[in-house]
Amino acid sequence: MTAPDPVLPRAHAHLTHWHGLVREVEEGYGWCAPELLHDLFCRTELAALWRLLPEEVRTARQAELDALDERFRAATIPFPGHEELTGRWWTWRVPRILHVEPGVPRHRGRPMGWEMLPFPKPDEVDVVE
């Protein structure tokens with residue numbers, strides 16, 4: 001007896017996480033930049049696993065992945081100077097809406113934890129309470 005292929009459940013789990021993260025970013029991401037990079041691991045893993053999936057699974061789920069990617073692009077903006085990236089493009093984007101708790105200190109208009117980005121807060125990014 002052979003062991004079940006672990007790629008399918010892992011890909012499904014990462015796709016489910018990607019769906020939740022996209023929804024969270026659309027509504028207003030409430031964590032810091034390092035946390036977003038951590039959360040984006042699900043999309044990075046999807047990229048690695050996608051080519052290992054059976055062709056019929058990729059074909060059946062490609063439209064779903066494409067739609068989530070488009071939603072993420074719409075809910076984010078590219079880092080300045082990184083507009084044309086294709087590989088791992090999701091790691092070079094900033095949510096359009098950053099949610100902060102009332103009274104949380106800000107650094108140059110950004111929530112704490114976003115000051116690590118090497119550029120000023122883009123006008124397209126709103127910080128909301």
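Between the side chain of R106 and the backbone N or O of P111, no donor-acceptor pair lies under 3.5 Å.
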Evaluate the criterion side chain to side chain contact (heavy atoms under 4.5 Å, CB included) for residue pair R96 and D126; output intermediate values, then yes/no.
-> CA-CA 6 Å; R96 289 181 182 274; D126 291 323; over 6 Å; no

Passes side chain to side chain contact (heavy atoms under 4.5 Å, CB included), H38 versus W31? Steps please.
-> CA-CA 11 Å; H38 177 268; W31 300 98; over 6 Å; no

Checking side chain to side chain contact (heavy atoms under 4.5 Å, CB included) for the pair W114/L36: CA distance, chi angles, key distance, verdict?
-> CA-CA 10 Å; W114 290 92; L36 178 59; 3.8 Å; yes

Criterion side chain to side chain contact (heavy atoms under 4.5 Å, CB included) on R43 and D69, from CA distance to verdict | CA-CA 9 Å; R43 184 59 183 88; D69 287 351; 2.9 Å; yes

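Taken to the nearest 0.5 Å, the NE2 atom of H14 stands 7.0 Å off from the CG atom of L46. Taken from CG in L65 to CZ in R61, the straight-line distance is 9.5 Å, to the nearest 0.5 Å. In this structure, CZ on R88 lies 9.5 Å from CG on L40, to the nearest 0.5 angstrom.
Nearest approach of V25 to P95, heavy atoms of both residues: CG1-CB, 3.9 Å. Scanning both residues, L21 and C42, for their nearest heavy atoms gives CD2-SG, 4.4 Å. When every heavy atom of G113 is checked against every heavy atom of P34, the shortest pair comes out as O-CD, 3.5 Å. Counting all heavy atoms, side chain and backbone alike, E24 lies closest to G30 at OE2-N, 4.3 Å. In plain terms, the two heavy atoms of E129 and H99 that are nearest each other are C-NE2, 3.8 Å. Here the closest heavy-atom approach between residue R71 and residue H19 is recorded as NH1-NE2, 3.9 Å.
Other residues, nucleotides and ligands contribute at most 12 non-hydrogen atoms within 6.0 Å of the CG atom of D123.
Under the 30°/60° scheme for interplanar angles, the aromatic rings of W18 and F72 are found to be tilted.
Both tests hold for R73 against W89: distance to the six-membered ring centre under 6.0 Å, angle to the ring axis within 45°.
In this structure, a donor-acceptor pair under 3.5 Å is present between the side chains of W90 and T44.
Hydrophobic clustering (side-chain heavy atoms under 4.5 Å, transitive across Ile, Leu, Val, Met, Phe, Trp, Tyr) groups L15 together with L52. Note: the hydrophobic cluster containing L8 also contains W50 (ILVMFWY, side chain heavy atoms under 4.5 Å, direct or indirect links). Under the 4.5 Å side-chain heavy-atom criterion for Ile, Leu, Val, Met, Phe, Trp and Tyr, L49 and V22 are members of the same hydrophobic cluster.
Side-chain contact check for V125 versus I77: some heavy-atom pair is nearer than 4.5 Å. A 4.5 Å side-chain heavy-atom check between E70 and D66 finds every atom pair outside the cut-off.
A salt bridge does not link E115 with K121: none of the charged nitrogens is closer than 4.0 Å to a carboxylate oxygen.
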